[in-house]
Amino acid sequence: MPINEISVGSHEELRQSGTLKAALAEFICTLIFVFAGQGSGMAFNKLSADGAATPAGLISASIAHAFGLFVAVSVGANISGGHVNPAVTFGAFVGGNITLFRGILYIVAQLLGSTVACFLLEFATGGMSTGAFALSAGVSVWNALVFEIVMTFGLVYTVYATAVDPKKGDLGVIAPIAIGFIVGANILAGGAFTGASMNPAVSFGPALVSWTWTHQWVYWAGPLVGGGIAGVVYELIFINHSHEPLPSGDF
C-alpha cells in the first residue's frame with residue numbers, strides 16, 4: 001500500500017469480529033512473550049540471589065526473548081500479523097499497512113497483555129518484583145534514546161523485509177525466526193546499556209506493576225521513532241519505488 005494511502009479507518013472496525021479476534025491474538029501473543037522474557041530475568045535473579053548483572057544473565061535474556069518472540073510472532077502471524085509490539089504496529093501504520101483505529105486497538109491489547117503477564121509473574125513467584133527497565137550507570141537519556149531508536153529500526157526493518165514486503169517470497173516462512181534473532185542480537189548489543197526494550201509494551205507492563213516510571217518516556221519515544229523511520233524508509237524506497245504493484249495483503 002503506497003505511503004500516501006495511510007488510512008485512519010473507521011470506528012466501525014472496532015466492532016468487527018475479525019478486528020476483535022486480531023486484537024485478542026495480540027493480547028495473548030504479547031502475554032506469552034512478556035511472560036517468557038520477563039520471567040527469565042526473574043528466574044535468573046532468584047538463582048543468583050539478586051546478584052549483580054553478569055554476561056551469563058545477558059545471554060540468557062537474549063535467548064529467552066529470541067525464543068519467546070519467535071513463538072509469539074509465529075502463533076499470531078495468521079490472525080493479527082503477530083506484531084507483539086506497539087513500535088511494529090506504528091511502523092506498519094506509517095507505511096500504510098494498518099489503519100489507525102485497528103492500530104490503536106492492537107496497541108491497547110499489547111499493553112494489556114504485557115501488564116497481565118507481569119501480574120501473573122508477580123503472583124506465581126510469590127511476590128517477586130518484575131524488573132522495570134532502567135538506564136545503566138553512565139548512560140544518559142540521549143545515549144539510551146539513540147540505542148532504542150537504532151535497535152528498533154533494525155527490528156521493524158526486519159519485520160518489513162521478511163513479513164510485510166509483498167515480494168518476500170519464501171522469506172515469509174522464516175520471518176518469525178529472523179524477527180526473534182534480531183531482538184536477541186540487539187539485547188546482546190544494548191542490554192547492558194538500556195535493557196534493550198525495543199518495545200513500549202515490554203517496558204510498560206513491568207513499570208505499571210512495580211510502579212517505577214523513571215525514564216519511561218525513553219522506552220516509548222525511542223522505539224516509536226525507530227519503528228516509524230523503518231516503516232517509512234522500507235515502504236518508500238524498497239516497496240513503492242522498486243516493486244511492481246501487487247494486491248495488498250493484511251498485516
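For this chain, numbers begin at 1 and follow the sequence in order. Hydrogens, waters and symmetry mates are skipped; everything else that's a heavy atom, side chains included, is used.
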For this session: Grab the two heavy atoms, one from Ile98 and one from Thr89, that are nearest each other, plus how far apart they are.
Result: CG2-O, 3.8 Å
Exercise. Any donor-acceptor pair under 3.5 Å linking the side chain of Ser114 with the backbone of Ala201?
Worked result: yes
Exercise. Roughly how far apart are Phe67 CZ and Ile177 CD1, rounded to 0.5 Å?
Worked result: 10.5 Å
For this session: Check whether Leu20 and Leu111 end up in the same hydrophobic cluster, where Ile, Leu, Val, Met, Phe, Trp and Tyr are linked by side-chain heavy atoms less than 4.5 Å apart.
Result: yes
Exercise. Is the shortest heavy-atom distance from the side chain of Leu155 to the side chain of Asn85 under 4.5 Å?
Worked result: yes
For this session: Would you indicate whether the side-chain heavy atoms of Ile182 and Met198 approach each other to under 4.5 Å?
Result: no
For this session: Flag yes if Val233 and Ile149 sit in one hydrophobic cluster, no otherwise; membership is Ile, Leu, Val, Met, Phe, Trp, Tyr, and two members link when side-chain heavy atoms are under 4.5 Å apart.
Result: yes
Exercise. Under 4.5 Å between any side-chain heavy atoms of Thr115 and Val34, yes or no?
Worked result: no
For this session: Over 60° means perpendicular and under 30° means parallel, so classify the ring planes of Tyr234 and Tyr160, tilted if in between.
Result: tilted
Exercise. Any link between Leu31 and Met128 through a network of hydrophobic side chains (Ile, Leu, Val, Met, Phe, Trp, Tyr) touching at under 4.5 Å?
Worked result: yes
Exercise. Once you round to the nearest 0.5 Å, how far does OG of Ser80 lie from CZ of Arg102?
Worked result: 8.0 Å
For this session: Considering non-hydrogen atoms only, spot the tightest contact between Gly91 and Val156 and give its length.
Result: CA-CG1, 4.4 Å
Exercise. Donor-acceptor pair, Ser203 side chain versus Pro200 backbone, under 3.5 Å?
Worked result: yes
Problem set entry | Minimum side-chain heavy-atom gap Phe193-Asn143 below 4.5 Å | no
Exercise. Going through the distances and angles, do Phe44 and Thr54 end up as a side chain to side chain contact (heavy atoms under 4.5 Å, CB included)?
Worked result: CA-CA 10 Å; Phe44 188 86; Thr54 65; 3.3 Å; yes
Exercise. Any chance CZ of Phe101 has more than 12 other-residue heavy atoms, nucleotides or ligands included, within less than 6.0 Å?
Worked result: yes
Exercise. Under 3.5 Å, side chain of Ser136 to main-chain N/O of Ala192, donor-acceptor pair present?
Worked result: yes
Problem set entry | CA sep, side-chain torsions, deciding dist, call: Phe93, Ile104, side chain to side chain contact (heavy atoms under 4.5 Å, CB included) | CA-CA 10 Å; Phe93 166 70; Ile104 290 173; over 6 Å; no
Problem set entry | Side chain to side chain, Leu208 and Cys118, heavy atoms closer than 4.5 Å | no
Problem set entry | Glu148 side chain vs Val218 backbone, donor-acceptor pair below 3.5 Å | no
Problem set entry | For the student: nearest non-hydrogen atoms of Leu145 and Ala221, plus distance | CD1-CB, 3.9 Å
Problem set entry | Heavy-atom pair with the smallest gap, counting every atom of Ala72 and Cys29 | O-SG, 3.3 Å
For this session: Rounded to the nearest 0.5 Å, what's the gap from CD1 on Ile239 to CG on Asp165? Could you check?
Result: 4.5 Å
Problem set entry | Heavy-atom pair of closest approach, residues Ala109 and Ala23 | CB-O, 3.2 Å
Exercise. Hey, what's the ring geometry for Trp217 with Trp142, parallel, tilted or perpendicular (30° and 60° as the breaks)?
Worked result: perpendicular
Problem set entry | Ser129 vs Pro206 side-chain heavy atoms within contact, under 4.5 Å | no
Problem set entry | Verify same cluster id: Val209, Trp220 (apolar side-chain graph, 4.5 Å) | no
Exercise. Got a sec, which residues hit side chain to side chain donor-acceptor pair (under 3.5 Å) with Tyr219, two or more places apart in sequence or on another chain?
Worked result: none
Problem set entry | Sidechain-backbone polar pair: Glu26 side chain, His83 backbone, donor-acceptor under 3.5 Å | yes
For this session: Would you confirm whether Asn186, through its side chain, and Ala196, through its main-chain N or O, come within 3.5 Å as a donor-acceptor pair?
Result: no
Problem set entry | Rounded distance [0.5 Å steps], CD1 in Ile59 versus CD1 in Ile187 | 12.0 Å
Problem set entry | Nearest heavy atoms of Ala87 and Leu224, plus distance in Å | CA-CD2, 4.0 Å
Exercise. Can you tell me how far the OH atom of Tyr106 sits from the OG1 atom of Thr99, to the nearest 0.5 Å?
Worked result: 9.0 Å
Exercise. Can you tell me how far the CG atom of Leu58 sits from the CD1 atom of Ile63, to the nearest 0.5 Å?
Worked result: 10.0 Å
For this session: Determine whether Met151 and Val141 fall in the same hydrophobic cluster, where Ile, Leu, Val, Met, Phe, Trp and Tyr are linked whenever their side-chain heavy atoms lie under 4.5 Å apart.
Result: yes
Exercise. Can you check side chain to side chain contact (heavy atoms under 4.5 Å, CB included) on Thr30 and Phe27, steps first, answer last?
Worked result: CA-CA 5 Å; Thr30 308; Phe27 169 82; over 6 Å; no
Exercise. Side chains of Met42 and Thr130: closer than 4.5 Å at any heavy-atom pair?
Worked result: yes
Problem set entry | Beyond-backbone contact of Thr158 with Phe181, side-chain heavy atoms, under 4.5 angstrom | no
Exercise. So, Asn199 versus Gln110: side-chain donor-acceptor pair below 3.5 Å or not?
Worked result: no
For this session: List the steps and the verdict of side chain to side chain contact (heavy atoms under 4.5 Å, CB included) for Thr194 and Phe133.
Result: CA-CA 7 Å; Thr194 70; Phe133 282 79; over 6 Å; no
